[in-house]
Structure formats: C-alpha cells, structure tokens
Amino acid sequence: MDAARRTKLEQTTRYEPAEIEARVFAEWIEGGYFHPEASGTPAENFSVAIPPPNVTGALHMGHALNGSMQDALVRMNRMRGRRALWILGTDHAGIATQAVVEKELRAEGRTRQELGREAFVERVWEWKEEYGSRIVEQYKRLGASCDYERERFTLDAGYVRAVHKVFKGLYDKGYIYRDNYMVNWDPGTRSAISDLEVENREVTDSLFAIDYPVEGTDRVLTVATVRPETMLADTAVAVNPDDERYADLVGSFCVLPLVGRRLPIIADAHVDPDFGTGALKITPGHDPNDFEIGRRHGLEEIVVIGPDGRINGEGGDFEGMTAAEAQGAVVAALRNAGALRGEEPYTHAVPFSHRSGERIEPLISLQWFCRMDELAAPAIEAVERDEVRIVPAQWKRVYLDWMREIRPWCVSRQLWWGHRIPVWYCGECDETIVAEVAPERCPACDGTNLVQEEDVLDTWFSSALWPFATLGWPDDTAELRAFYPTSFLTTAREILFLWVARMVMMGIEFPGDVPFRDVYVHSVIQARDGRRMSKSLGTGIDPLEEIDERGADALRFGLLAMSSTQDVRYSDAKVEQGADLANKLYNASRLILLNAAEVEPAPRPARVEDRWILSRLERTIGSVTAKLETFDFAHAVQECYAFVYHDLCDWYLEIVKPRLYEGEEDVSATLLYALERVLALLHPTMPFVTEELWSYHPTRDGHLVVHAFPVAEESLLDPGAEADVAAEIALTRSLRAWRDLVGVAAKAVLPAAVDGVAPSEFVGRLARFAFDGEGAEPVAAVGPVRVLASADLDAAAVEARLGRRREELAAEIERAERKLSNDGFVAKAPAAVVEEERGKLERYRTELAELG
RNA sequence: GGGCGCGUAGCUCAGUGGGAGAGCGCUCGCUUCACACGCGAGAGGUCGCUGGUUCGAAACCAGCCGUGCCCACCA
C-alpha cells in the first residue's frame, strides 16, 4: 500500500458508497470480466438470461430484487472460475411502447393514423434509440454483472429471424391457425389480448330481468342479464334440459323485444335452473359461454358491438352509441315497452384489460391462434421429471395444474409495434403464404400481388424465445453451444405462465432442450404500508434513490435479507442493516490492513481463540455457500452479517487487538487470511465495498470479481475450540451483565479470583476484571469467578443481585424437577434429552448451594 | 366456486416436535487509540382462537376468526 492510499484509508472513517461505486464498476467493465468467451459446455459454464425489462421501463424494486439474486449467483460462479454469462437485453413491449409514442404524438396534436404505419414504426425506433437504454444504465447502478457487450433487443434483426422461424415451424406443424373466434377484445388498445392479459375484478352491476314473450302463447320467459345492450345480438333462449317448467317450450320460439327477431328456445346443460328464472338469453357474439352454446347448437353469431366499443349497424336505433350508452337506452326502451320485469344490484367478477384497464368486450373476430396441447405435453413432463426444477416446490404444482388445462393462445395483436406476422395473402388466388422471409411471388399462382398480414404477434410470443434467440438461434452459434440450456432463472410468480411456461415449451420444441435447469420463484416486495408497489398507486419506491442514499450494496443486502419465501413489506431497516454491514466491513478492514505485520496471509492459529475464529469462518463459508446454492438468499446474507458483526468484530477483533498492535505475525497472518475469505464470500452479495477493500489487501493480484470464491476448509473446523471459546464468551457476558446490574462504574477494574483453571486473558480484559485479586473477601460468584470486595462495589446492590439470582435459580430448578418427575418424559424422551435436563438441574443446584 | 399463503416482541420478519429469536425502535451506561451511522448491558411475547395428537406443540392434525394472492365461462 503506498503512502497516499494508506493516508486515505487512515483518514476516511466511514464507507462512502457514492465515491466508490462508479469507479469500481468502470474497472470491472474495463477488465472485460462480464464478457466471457463462448467456449466449453453448458455443464462447465454458468449462464442466466435476465428477464428482459420493457424498453419503456425504469428500474423498479422488482428488477432490483431479481437482479440482486441473479448477480449473486452469477458472481459466485464466475469467482469459481466458470465462464459466467448473464444475458442482458430489453423487450420491445408492444402495447406499452406503442402507447408511449402515441402519447408523444398526441402532445404534438397528431395520431399514428395520420403518420401511417411505416412512419410510425420508424418513430418508435427513434424513441427506442434515444430512451431505450435507460434501464440498462440503471442495472449498472445496481452493480449487475451482465454482459453489456452482448445486449439484445427482442426486435433486433437476429431476433426477427428466430421469431419467423418459430412461427413458420408451428404453422407447418398445424399448431398455428387462423380462425373467427371469441376473443378478449380490449377497447382501450383496440386489440385482442390473451386470456393471461385479462384480470377479473369485482364489480357491482345491475342485474336486469327482461320478459321475452313466447310466440303463439301468452306466456313469457324472463331472462336475467347484466348486459341488456347485448340482447340486440341474441339468437336464442336456453333452458336446462332437465327443467320441467320449460320442457314443453323447448323447440318453440320467443320474440326478442325491441328487435322482433324470432329466437329458438333450446335446451343446454350449461344453464343453471336455480339461477334467476332458469332461462338464459343466448348472445353468441358477445359472451364466451353463449359463444360455446351457440356453436353447439349452430346458432347465428351476430356481432352488434364493434371493435371501437360502439353499437354497429346491427343495432338499429342504437347504432353509434357506446356500449354503456346503449345499455341505458335499451333499458329505457324496454321499460317503455313494459318488458322490463326488474332490476337489482349484482356483484360479480368482470374481465378487464391488464394493459389499458378497460373492461374487456368479448367479441368474435378473425385472429391467429396457437394450439398448445402438443407443446405443453413435453413441457409438463420436463417439470414432472425435474429436468426443470421449480422452487419453492408449491409452484411446481401451480405450473403443472395450469399446463394441464392449457387452452389455445391468441397470438395476434392489432398493433403496429411488434413482430409483424410473417404471413402474406395473395391478392390473385387467395393463397395464404407463411414464410421466414417476404416471398416475391405466390407459390400457387406466381402472382406478385402479395399483401402481408397487418397484425403483429403478442409480445410474449417473442419473449418465449429469449433464452435461445439471444444466443444466436436459429444459427448454430458458439454462444448457443456454450451457454444453452442456461443454468437458472429467477422470476416473479406473476409471469410463471405468461413467460416461464412458454419458454419451457418453446425451448423443448425448437432448440430441443429445456431453457434452464432451475426456476426460482421469488417473493414480492410490497410497499411499506403493505399495499402493492405500483407506479399508478404512487406506492413505488425508487431503487435508484435508495442506491443514492445508502449505496448499491446496502440495497442489495436489504432486498435479499427481506426476501424470503413469503411476500414482505419493504423494510428500510434491512437496507440500513446492509449499509451498516458495509461500514462495519470497511472499518474492520481498516483495523486489519493498517495494523497487520507484513506477512503472508495464512491460517496460523497460536491460541484457542485463533482456532475458534478460523473454525467459525470456515463453518460460515460452508453454510453461506449452501444457502446461496439453494436460493436461500435471506438466510445467506443474514448469516454473513452475524459472522462479521458478532464473531469477527464483537469478539475476535476485540480479543486480538493487543497482539495486532504489537505486530504479532501469527495473528496478522490469520487476520489477513480471514479478511481475504470474508471479502470473497461477501462479494457476490455486496460487490462494491468488497472490491474496494480488496484493492488495499497486500496479496491482491487482480480484481476480486475474478478472485477465487472460498471453499470451506474442513481441516480448520474445530468443534472443541468453538465450544471452549463460546463458554468464555458466555462468561465474559455474564461478568459484564453482573457489573451492569450491580451498578459498577464502567471504568472500574474489579478484583476477583478464579477457582480451578484460569480463563483466557481476554475474559478479564473485556469484562474489566483482575483475576489476581488476593486477600479481600469474596462477595459474589459469577460462574467460576469469585468477585472480591472492593471500593467500587455497593454492598446493598450486590446483595440485591444475589437475591435475584437465587430466585432465578429456584425457578429453573423447579422447572427442571417438574420435567424430570414426569414419568412419561423420562421413559419416552430420547436419552440425550433427559440426560441434558439432568445435567442442567445438577448445575443449578450446585450454583444455588454455593450462593448459600 | 377451486387452489396456495400468511397471522410470533412496539414495527418488519426468522424459527417446522425438546427451555421463544434477529434487525429496527425503546431504557440504562460508555467520547475504550476500526467504526458514536459506534461499543456494552437491559426491558419487552398467554407464538390469532378452540379442540385434538404427543412424555412434550409456536411448530403436527381439525375447526373457527382475520388477512393476502392465484386460478375459474352461473347469466
């Protein structure tokens, strides 16, 4: 260490992350440590594909948690000498990105329609070039060791090839098809969306009862509906086949009020005879159930609400009204006509678009679908056979249950920003051509009048290819050979189906192997008040602000510490604990680095306390490593904290200070050895402070980021030393507590004597007792220590303390005796447990007897 | 309607059969030559309720109460 750096370390008594993080990160990038060579096999290497953040996004706490976990494992494996690749990139996020640019246009008083498709898409690309890298820069602030040289985008040229190849592959197998079918229409984005993008919310609507007269009789069928406006598209009335009330009517007709259409009365088991009157109006064009019933009975499918959410020409007088307006008008008309039988409030689950927040309008439209059964089958097996392991285990079942019930996926979206579906229609012969690149001529009629499909693909269609498309698939690249399948995936459970399941299916179908071996489903960090963290609720906490305030290491520690298997509220205290640990490490390192003799770091135990700390250190290394490997990040970092604070700083450093100041070589070597291993052990979770401190370490031969990760050295485990020192620590604490309780001045050194073997030197020093006391009267006993009378002791306080101790012992003795006098306990409990209880009782009795 | 969680110290959370733990907060003491964003000591809990299993339950089982999430085509 040169003089200038030494002075800096001497004078800076606090760890200041802001000063250090940017510089350290730049060193890592310069070193190229995050850009592994593409060679070797996936089994030798370690790779992770980041869940690609939306290109419109800003780093939020979910990313920060997810990133902290991935980085911990990537760094640990990199330190183990494996080629560690963390694939980074962003998702084009069709709807979100289109919305951002449309908003920009609106501010200029323009619309995308005015601009036209080509110019609009170009405009989105310009937006992406300017703002799209923001979130990538934010990941750097976290210290994420992604390969920033291999950044990908789900719409870049190579990715487009992968998407087209997959689409054509699925089409050629007959999985992808085009059909007129009931879809979730989102009037907000004016696009179809998939079932997974719909969220059901509880809504209180009015349930209307409407009389439908039965043709040729004076009877009416009263139907119940929350959507009277859809009656304009009714094509039947259904009753349950077993419902005797209506058995005679099945086969005859109703007359639709306001419209006059004749509606057949049909029987279908879907109808619940106990709901309402047991008669159900059937609107195949606007209700998913009715659609199914309609197809079963061959009913006409009338569409009365258009893609704009307004009543179309089929709606007669109501044409042009929004669905909500039409509801009021229809109800008024029914009331006038005397057909409205009743109205009551009704609470039920209603589908809303996850994207636009608008109420879903189920309607029939021509869309592209992907049949999932064949793709799901091997993806189910892979998880059943643990070729993909999902942890915590309960999510395995959730995945399997969903996969076994999987339904066709509507993959087309009526947007402009996204992967335009690689389908061309021939204007001359009506041929449909699916191709990986735009065809010039129709293969059927040789015509050149080819028009490409207007729709784009669901963003999740391209996301599903992420782990292999980013590695160069469909080409047989070095990256793909070296890093696919990836090692593991961390994810929030909300995208288990949307993304994870689809990656498994596509990975098996296309590159031919599962995309990752382990999936860790992490918990959700909620806002401080327990609500969801959300930008729209204003409950979000900005990770960048937290990094500014407390440092990236503190945030990473805090997030890992607070995240266990269940959802938790964001805890400022945990982040502060991380900041405290960084500061503690910094100061402990200063103590060691500025005072150690110039020796080679090595375990050189000279006393029992040295064997103790080495054993504790190696035990901690083994334990923390095991926890990281099983994704138990919370306990891993808490254990690091406990070791650094309690074992290392509270005890060992205090114990060895005199030897360290004297320049003793054994303890210097041991401390430097321990420091090296502690810094390496903590580097995956707290990379900045550990890298910075490592730069002062005398044996540093390069950056810590590629230094060897410690492997627990079993020969240094020493249970005997651990037990001996633990006992001396306990004695020290008892002595300190005794002093405090009898009110001895903090500085006073109390004379005492010890029966039998004298404790280690540090006990007296740290508890401020002098064990060579002679002559004076013993006034109290603390374990083997006889406290001798002295001017610093207040006799009344000592006596009071003695009294309290007797009471404590009496209570303990009673507890133990009660337990041991229970015949069931003595007879049935394991012998060791009974023996332990007897030992305790014996010790308590002895101590009480000695106290008199 | 089905499924999965959670309810432990003032707060946020660990703890899955053998004497209740952590961090923060609180109280008391300490400017001890790494750190006062520090050190030492302490107070604080009928482990949601009721039953059951067991020699022994915070933990296992059942029911109830409270609370959160996911899935679901009864208008």
Side-chain angles (χ1 to χ4, degrees), chain A residues 9-10 13-15 182 195 199-200 207-208 223-227 230 238 270-272 274-283 287-293 346 348-349 351 362 392 394-395 397-398 401-402 405 493-494 496-497 523-524 526 528 530 532 550 558 561-562 564-574 576-577 579-580 582-595 634-635 638 641-642 649-650 653-654 657 660-661 733 736-741 743-747 766-768 812 815-816 819 822-830 832-834 836-837 840:
Chain A
L9 195 58
E10 276 170 353
T13 61
R14 276 166 48 184
Y15 174 63
M182 171 80 39
D195 295 342
E199 59 174 327
N200 290 304
L207 182 65
F208 298 95
V223 300
T225 180
V226 291
R227 302 208 56 199
T230 65
H270 169 77
V271 180
D272 176 359
D274 296 327
F275 188 92
T277 61
L280 175 63
K281 72 192 250 324
I282 302 298
T283 320
D287 182 277
N289 292 314
D290 296 4
F291 177 78
E292 297 294 339
I293 294 170
Y346 184 70
H348 63 147
Q394 67 253 36
W395 299 106
R397 235 192 69 204
V398 173
D401 287 348
W402 184 76
E405 296 293 319
R493 58 176 164 266
E494 63 191 23
L496 191 61
F497 309 141
S523 53
V524 175
Q526 300 162 333
R528 295 178 180 96
R532 229 186 151 64
R550 300 224 169 258
M562 70 183 88
S564 59
T565 50
Q566 69 160 320
D567 293 354
V568 288
R569 299 175 183 208
Y570 186 80
S571 164
D572 295 288
K574 287 284 192 292
E576 195 169 330
Q577 196 182 349
D580 290 347
N583 190 56
K584 197 70 171 174
L585 261 183
Y586 181 77
N587 277 294
S589 300
R590 285 176 63 224
L591 175 67
I592 296 168
L593 293 166
L594 293 171
N595 293 286
H635 291 107
Q638 299 273 24
Y641 177 92
C649 294
D650 290 351
L653 292 181
E654 294 302 332
K657 265 179 187 174
L660 180 60
Y661 289 138
R733 299 190 65 153
R736 284 171 169 172
W738 185 87
R739 293 176 61 109
D740 244 45
L741 289 166
V744 179
K747 282 184 176 170
L766 297 181
R768 292 186 185 248
E812 292 298 334
R815 189 196 57 78
K819 206 161 182 181
N822 180 337
D823 294 339
F825 175 73
V826 178
K828 296 191 179 178
V833 173
V834 177
E836 196 185 330
E837 205 57 44
K840 285 180 201 164

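Letters go in sequence order (proteins before strands), and every chain restarts at 1. Worth knowing before you read on, the calculation uses all heavy atoms, side chains too, and leaves out hydrogens, waters and symmetry mates.
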Between [N] atom [atom2] and [X] atom [atom1], what is the distance in whole Å?
X: A:E836; N: B:G18; atom1: CD; atom2: C1'; result: 8 Å
X: A:K747; N: B:C39; atom1: NZ; atom2: C1'; result: 14 Å
X: A:R739; N: B:C30; atom1: CZ; atom2: P; result: 12 Å
X: A:R532; N: B:U67; atom1: CZ; atom2: P; result: 19 Å
X: A:D195; N: B:C70; atom1: CG; atom2: C1'; result: 15 Å
X: A:R736; N: B:C39; atom1: CZ; atom2: C1'; result: 9 Å
X: A:L741; N: B:G40; atom1: CG; atom2: P; result: 16 Å
X: A:R493; N: B:C71; atom1: CZ; atom2: P; result: 11 Å

What is the pairing partner of [N], taking Watson-Crick or G-U wobble pairs with both distances under 3.5 Å in any strand?
N: B:G56; value: none
N: B:U31; value: none
N: B:A20; value: none
N: B:C73; value: none
N: B:C4; value: B:G68
N: B:A36; value: none

Considering every strand and a 4.0 Å limit on heavy-atom distances, what is the contact class for [X]: base, sugar-phosphate, or nothing?
X: A:E654; value: base
X: A:R733; value: sugar-phosphate
X: A:D650; value: sugar-phosphate

Sorted by chain and residue number, the side-chain hydrogen bond (donor to acceptor under 3.5 Å, both in side chains) partners of A:D572 (sequence neighbours excluded) come out as A:R528
Any residue meeting side-chain hydrogen bond (donor to acceptor under 3.5 Å, both in side chains) with A:R397, in chain and number order, not counting sequence neighbours: none
Short side-chain to backbone donor-acceptor contact, A:N583 and A:Y15, under 3.5 Å: yes
Which residues pass the side-chain contact (heavy atoms from CB on, under 4.5 Å) test with [X], not counting sequence neighbours?
X: A:L594; answer: A:R6, A:L9, A:E10, A:R590
X: A:E292; answer: A:Y181, A:R296
X: A:R569; answer: A:Q526
X: A:V226; answer: A:D205, A:L207, A:Y346, A:H348

Excluding sequence neighbours, so at least two apart, what forms ring-ring contact (aromatic ring centres under 6.0 Å, His included) with A:F208? none
Quick one: ring-ring contact (aromatic ring centres under 6.0 Å, His included) partners of A:H270, sequence neighbours excluded? none
What protein N or O atoms touch nucleotides 43-45 of chain B N or O atoms at under 3.5 angstrom, if any, and at what distances?
none

Reported CZ-to-CG distance for the pair A:R550 and A:D580, which is rounded to 0.5 angstrom: 7.5 Å
Interatomic spacing from CG in A:L660 to CG in A:L653 - rounded to 0.5 Å: 8.0 Å
If you measure from the [atom1] atom in [N] to the same atom in [M], how many Å do you get, rounded?
N: B:A14; M: B:A20; atom1: C1'; result: 12 Å
N: B:U8; M: B:U67; atom1: P; result: 14 Å
N: B:C4; M: B:G63; atom1: P; result: 12 Å
N: B:G45; M: B:C55; atom1: P; result: 32 Å
N: B:G66; M: B:U54; atom1: P; result: 31 Å
N: B:A57; M: B:C71; atom1: C1'; result: 34 Å
N: B:A9; M: B:C47; atom1: C1'; result: 10 Å
N: B:G23; M: B:G5; atom1: P; result: 30 Å

Which pair of heavy atoms, one from [X] and one from [Y], lies closest together, and at what distance?
X: A:S564; Y: A:S523; result: O-OG, 3.1 Å
X: A:L591; Y: A:N595; result: O-ND2, 2.7 Å
X: A:A746; Y: A:R739; result: O-NH2, 3.3 Å

Should A:D567 and A:R493 count as side-chain neighbours, where that means a heavy-atom distance under 4.5 Å? yes
At a cut-off of 3.5 Å, list every protein nitrogen or oxygen paired with a nitrogen or oxygen from nucleotides 51-61 of chain B, distance to 0.1 Å.
unit_1 : atom_1 : unit_2 : atom_2 : d
B:C55  : OP1    : A:K828 : NZ     : 2.2
B:C55  : O2'    : A:N822 : ND2    : 2.8

Would you say B:C39 has OP1 or OP2 under 4.0 Å from some side-chain N or O of A:K584? yes
5'-most by nearest nucleotide on RNA chain B - A:Y641 or A:A745: A:Y641
Regarding A:K281 and A:D287, does a basic nitrogen lie under 4.0 Å from an acidic carboxylate oxygen? no
Nucleotide of B:A41, B:U32, B:C30 approaching A:R768 most closely (side-chain heavy atoms): B:U32
Please tell me which of the listed nucleotides, B:C70, B:C35, B:G38, lies nearest to the side chain of A:D580? B:G38
If you apply the rule side-chain contact (heavy atoms from CB on, under 4.5 Å), what do you find for A:F275 with A:L280, and how did you get there? CA-CA 9 Å; A:F275 188 92; A:L280 175 63; over 6 Å; no
Each nucleotide in nucleotides 4-17 of chain B should get exactly one letter: B, S or -. Can you fill that in based on protein heavy atoms under 4.0 Å? S-S-----BSSS--
Protein-nucleic acid N or O pairs under 3.5 Å, nucleotides 73-75 of chain B:
unit_1 : atom_1 : unit_2 : atom_2 : d
B:C73  : OP1    : A:R407 : NH1    : 3.4
B:C73  : OP1    : A:R407 : NH2    : 3.4
B:C73  : O2'    : A:N289 : OD1    : 3.0
B:C73  : O2'    : A:N289 : ND2    : 2.2
B:C73  : N1     : A:N289 : OD1    : 2.8
B:C73  : O2     : A:N289 : OD1    : 2.2
B:C74  : O2     : A:D272 : OD2    : 2.6
B:C74  : N3     : A:D272 : OD2    : 3.1
B:A75  : OP2    : A:Y346 : OH     : 2.9
B:A75  : O2'    : A:A224 : O      : 2.7
B:A75  : N6     : A:D272 : O      : 2.8
B:A75  : N6     : A:F275 : O      : 2.8
B:A75  : N1     : A:D272 : N      : 3.4

